[in-house]
> 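Below is the structure I would like to discuss, written out as structure tokens.
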Amino acid sequence: MSKLALFGGSPVRTRPFPAYNSIGDEEKRAALEVLDTGRLSEFIGRRCELFGGGRKVLELEALVQERFKVRHAVSMNSATSCIYAALGAIGIGAGDEVIVSPYSMCISATAPFLYQAIPVFADLEPDYFCLDPESVRRNITPRTRAILTVDTFGQSSAMEELRAIADAHGLKIIVDCAHAMGVDYQGRSAGTLGDIGIYSLNAHKIIQCGEGGLAVTDDDDLALKMKLIRNHAEAAAEDFGVDLVNMLGQNYRMPEIEAAIAIEQVRKMDGLIAQRVELAEHLSRRLAAIDGLTPPAIRPGATHAYYIYPIKYDQVRMGVPRERILEALRAEGIPMYRFAGGYVRPQYYEAIFRERTVFAKGLPFSLPQCARIPDYSAAACPVIDRLYREEMIVFHLIYPPLTIADMDEIADAFEKVFAHIDDLRCVPA
């Protein structure tokens, strides 16, 4: 096998990978139809026929309700807005604790702060990378009100175990299913097994409308409260007979063009995921033969959407720093994920948690209701920290229009790098 490109050899791949683009003629036609109506948003912030939005918003919500077999779908301008609205709807308040994951996009960890509540970090499962139910259990206190779990990388959290814990302690569950929309867990759709599930339609996701989110629930009261928070709740809550707790509303409304595009994206979602699964399964078969690598594990009774393709690397046994492996792969023409350390930096390393500076006067930590300061050190989440510092290798190159031939080139690059691992041990970085 030829010399590593890192040391002057020829790279495995010399051409760039094509970008992912799930937008087609259907979405273009749908957007133009909305433009022709001249009605780009139809929400009105009081109790009336248009309180719930315009024709395309309602059509999208009905489609999602049917597709995911839920009583309610509430569209918003982002999944971030959905998470804020969900926490408000379940009644999170000052000094309450919400168990969260620090190994995800920041909002999944920071959202409780909006309600003067306290995020408490739980560790991850070492193989599936979602919240570890045992760690969740250990972090429950009398102040705990909810679990905000993240369906990391494209498969569901351990919802049976989390549901049992929540029921035993009287807790609500919010599922951040931004990575796993369209996958299954125990015969149901991921995101539907909590009290509220959140899907993302952000431009980077498997299906997208630029910016957008969806919250799903079977609870009539929670659905109404989320709709109120979405649309200036303080102006309409009394008319709907809803108690005023957390009913200081926002403008989280989804415009009609985004809804029209999202409708077409939902209709093609299953096909887009199927293509990812085919590519990922082929790549996993190749990588499984490489000593030192563990391809993604799939939870029993579940499926995987492969929004991100996660690999575990045994840095200790192989004796080469992960960053050196990533450097060699990039030299072979295989771009790695855009964040440092293989995936995002855990949130406990961010200043907002290190310094506990969120609002003026030390709020919410200075509240009389705040019974404790959670452990925001790396020691509280040893699995997450080991993944971040040593083990996790992730990339996103498992999307259409990539082909099996592209997967073979990626696998060839991994094989080449690991065939020359002694060179990486001997030559200084």
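Every heavy atom of this structure was used, including side-chain atoms; hydrogens, water molecules and symmetry mates were not. Quick note: residue numbers are just sequence positions, from 1.
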> Output yes when E350 and R345 qualify as a salt bridge under the 4.0 Å nitrogen-oxygen rule, no when they do not.
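A salt bridge links E350 with R345.
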
> Out of the candidates I147, T149, L148, L131, only one should pair with S101 under the side chain to side chain contact (heavy atoms under 4.5 Å, CB included) rule; please name it.
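Single pass found, and it is L131.
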
> Do the rings of F395 and Y309 sit parallel, tilted or perpendicular, given the 30° and 60° boundaries?
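F395 and Y309: tilted rings.
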
> Main chain of A280, side chain of S284: is a donor-acceptor contact present, judged purely on distance under 3.5 Å?
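The answer is yes, because a donor-acceptor pair under 3.5 Å joins these two groups.
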
> State, yes or no, whether a side-chain contact exists between V417 and E332 at a heavy-atom distance under 4.5 Å.
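With C-beta onward as the side chain, the pair touches.
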
> Decide side chain to side chain contact (heavy atoms under 4.5 Å, CB included) for I261 and I23; before the verdict, give the C-alpha distance in whole Å, the side-chain angles of both, and the deciding distance to 0.1 Å.
CA-CA 8 Å; I261 292 171; I23 300 298; 4.1 Å; yes

> Indicate yes or no: does D423 engage K3 in a salt bridge with an N to O separation below 4.0 Å.
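Result for this pair is no, no salt bridge flagged.
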
> Side chain of E161, backbone of P133: donor and acceptor closer than 3.5 Å?
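Such a contact is absent between E161 side chain and P133 backbone.
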
> What heavy-atom pair brings Y185 and A158 nearest, and what distance separates the two atoms?
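Taking every non-hydrogen atom into account, OH-C, 3.8 Å.
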
> Out of curiosity, D412 CG to I334 CD1, how far, rounded to the nearest 0.5 Å?
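If I round to the nearest 0.5 Å, the distance is 9.0 Å.
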
> Provide the closest heavy-atom pair for M226 versus A85 in the form atom of the first, atom of the second, distance.
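Scanning both residues, the minimum pair turns out to be CG-O, 3.8 Å.
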
> When you measure from the side chain of Y115 to the backbone of Y84, do you find a donor-acceptor pair of N or O atoms at a distance under 3.5 Å?
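Present.
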
> Ring centroids only, cut at 6.0 angstrom: are Y399 and Y307 within range, meaning strictly under it?
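They do not qualify: ring centres at least 6.0 Å apart.
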
> Indicate yes or no for a side-chain donor-acceptor contact from Q186 to the backbone of A302 under 3.5 Å, with no hydrogens or angles considered.
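Flag not set: sc Q186 to bb A302 has no pair under 3.5 Å.
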
> Using 30° and 60° as the class boundaries, would you call the ring planes of F153 and Y343 parallel, tilted or perpendicular?
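The rings of F153 and Y343 stand perpendicular, inter-plane angle above 60°.
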
> Do S2 and K416 have side-chain heavy atoms sitting under 4.5 Å apart?
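Side-chain contact under 4.5 Å: yes.
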
> Examine distances only and state if a side-chain atom of R145 and a backbone atom of I92 form a donor-acceptor pair shorter than 3.5 Å.
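Not a single qualifying donor-acceptor pair exists.
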
> So does R330 pair up with E323, basic N to acidic O under 4.0 Å?
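No salt bridge links R330 with E323.
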
> Shortest non-hydrogen contact from Q65 to A73?
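Minimum heavy-atom separation between Q65 and A73: OE1-N, 3.2 Å.
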
> Give a yes or no on whether the ring-centroid distance for F121 and Y376 is below 6.0 angstrom.
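Yes; Y376 has its ring centre under 6.0 Å from that of F121.
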
> Look at R286 together with E415 and state whether they make a salt bridge at an N to O cut-off of under 4.0 Å.
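Judged by the 4.0 Å cut-off on N to carboxylate O distance, R286 and E415 do form a salt bridge.
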
> Please report the closest heavy-atom contact between T152 and C130, naming both atoms and the distance.
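Shortest heavy-atom separation between T152 and C130 comes out as N-SG, 3.5 Å.
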
> Around E234, counting heavy atoms of other residues, nucleotides and ligands shown, do more than 12 lie under 6.0 Å from its CD?
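Yes - once you tally the heavy atoms of other residues, nucleotides and ligands closer than 6.0 Å, there are more than 12.
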
> Roughly how far apart are T144 OG1 and K172 NZ, rounded to 0.5 Å?
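T144 OG1 to K172 NZ: 15.5 Å, rounded to 0.5 Å.
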
> Looking at side-chain heavy atoms only, is the closest gap between L201 and E211 below 4.5 Å?
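No, too far: nothing below the 4.5 Å cut-off.
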
> Under 4.0 Å between a Lys/Arg side-chain N and an Asp/Glu carboxylate O for E409 and R13?
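Between R13 and E409 there is a salt bridge, with a charged N closer than 4.0 Å to a carboxylate O.
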
> What's the separation between atom CG in L214 and atom CE in M76, rounded to the nearest 0.5 Å?
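Rounded to the nearest 0.5 Å, the CG-CE separation comes out at 9.0 Å.
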
> Salt bridge check: are E26 and K268 linked by an N-O gap of less than 4.0 Å?
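Salt bridge between E26 and K268, a charged N being under 4.0 Å from a carboxylate O: yes.
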
> Can you check whether F353 reaches T110 side chain to side chain, under 4.5 Å on heavy atoms?
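Yes, their side chains come closer than 4.5 Å.
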
> So do the side chains of Y20 and L397 get within less than 4.5 Å of each other, counting heavy atoms only?
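Side chain of Y20 against side chain of L397, heavy atoms only: no contact under 4.5 Å found.
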
> Could you tell me if the ring centre of F68 sits under 6.0 Å from that of Y199?
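Yes, ring centres under 6.0 Å apart.
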
> Give a yes or no on whether a salt bridge exists between D184 and R299, defined as a side-chain N under 4.0 angstrom from a carboxylate O.
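So D184 does not pair with R299 through a salt bridge.
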
> Carefully, step by step, assess T303 and Q155 under the rule side-chain hydrogen bond (donor to acceptor under 3.5 Å, both in side chains).
CA-CA 6 Å; T303 61; Q155 67 176 324; over 6 Å; no

> When you look at R71 and D219, which way does the salt bridge (Lys or Arg N to Asp or Glu O under 4.0 Å) test go after all the steps?
CA-CA 7 Å; R71 285 178 58 83; D219 188 300; over 6 Å; no

> With no hydrogens and no angle check, is any side-chain donor or acceptor of D96 less than 3.5 Å from a backbone partner on G93?
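Yes; at least one donor-acceptor contact below 3.5 Å.
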
> State the CD1-CD1 distance between I207 and I263, to the nearest 0.5 angstrom.
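Reported value, rounded in 0.5 Å steps: 11.5 Å.
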
> Check this for me, if you would: do E61 and R230 make a salt bridge, where the nitrogen-to-carboxylate-oxygen distance has to be below 4.0 angstrom?
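Between R230 and E61 there is a salt bridge, with a charged N closer than 4.0 Å to a carboxylate O.
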
> Is the closest basic N to carboxylate O distance between D132 and R137 below 4.0 Å?
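No.
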
> Rounded at 0.5 Å granularity, tell me how far CG in N246 sits from CD1 in I229.
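If we round to the nearest 0.5 Å, N246:CG and I229:CD1 are 6.0 Å apart.
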
> So, are R322 and E390 salt-bridged, with charged N and O less than 4.0 Å apart?
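Result for this pair is no, no salt bridge flagged.
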
> I would like to know whether S189 and R67 meet side chain to side chain contact (heavy atoms under 4.5 Å, CB included); could you show each step before the answer?
CA-CA 9 Å; S189 294; R67 169 62 178 79; 3.9 Å; yes

> Does a donor on one side chain and an acceptor on the other come within less than 3.5 Å for Y349 and D385?
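Indeed, the side chains of Y349 and D385 share at least one donor-acceptor pair under 3.5 Å.
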
> Ignoring hydrogens and geometry, is there a side-chain-to-backbone donor-acceptor pair from Q265 to S22 under 3.5 Å?
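Side chain of Q265 to backbone of S22: a pair is present.
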
> For T141 and E97, test the side chains for any donor-to-acceptor distance below 3.5 angstrom and give the result as yes or no.
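Their side chains do contain a donor-acceptor pair, which is all the 3.5 Å distance test asks for.
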
> Sequence neighbours left out, what pairs pass ring pair (Phe, Tyr, Trp, His ring centres under 6.0 Å) with at least one residue falling in residues 260-305?
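Sorted pair list: H304-Y306.
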
> Would you say the side-chain atoms of N231 pair up with the backbone N or O of K227, donor to acceptor, closer than 3.5 Å?
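Flag not set: sc N231 to bb K227 has no pair under 3.5 Å.
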
> Taking the side chain as C-beta and beyond, is there a heavy-atom pair between V320 and Y313 under 4.5 Å?
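Heavy-atom side-chain distance check passes, below 4.5 Å.
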
> Applying side chain to side chain contact (heavy atoms under 4.5 Å, CB included) to I118 and V98, what does each step give before you reach the verdict?
CA-CA 6 Å; I118 308 296; V98 180; over 6 Å; no

> Please determine, by modelled atom types, if Y348 and D375 share a side-chain donor-acceptor pair under 3.5 angstrom.
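Looking only at side-chain atoms, D375 and Y348 do not form any donor-acceptor pair under 3.5 Å.
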
> Mind checking whether N251 and F43 have side chains closer than 4.5 Å, heavy atoms only?
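Of all side-chain heavy-atom pairs linking F43 with N251, none is under 4.5 Å.
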
> Under 3.5 Å, is there a donor-acceptor pair between the side chain of S41 and the main chain of P255?
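Absent.
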
> Are any of the side-chain heavy atoms of D151 and D176 separated by less than 4.5 Å?
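No. Closest side-chain heavy atoms not under 4.5 Å.
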
> Is R267 atom CZ crowded by more than 12 heavy atoms from other residues, nucleotides or ligands, each under 6.0 Å away?
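It does: R267 CZ has more than 12 such atoms within range.
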
> Supply the atom-to-atom distance L193 CG to E160 CD, rounded to the nearest 0.5 angstrom.
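Rounded to the nearest 0.5 Å, the CG-CD separation comes out at 8.5 Å.
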
> Go through the steps to decide whether L222 and D195 satisfy the test side chain to side chain contact (heavy atoms under 4.5 Å, CB included), and finish with yes or no.
CA-CA 8 Å; L222 294 180; D195 295 281; 4.2 Å; yes

> Could you tell me whether the side chain of T192 and the main chain of A190 form a donor-acceptor pair under 3.5 Å?
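Not a single qualifying donor-acceptor pair exists.
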
> Given D218 and H72, is the side-chain hydrogen bond (donor to acceptor under 3.5 Å, both in side chains) satisfied, shown in steps?
CA-CA 6 Å; D218 288 325; H72 302 281; over 6 Å; no

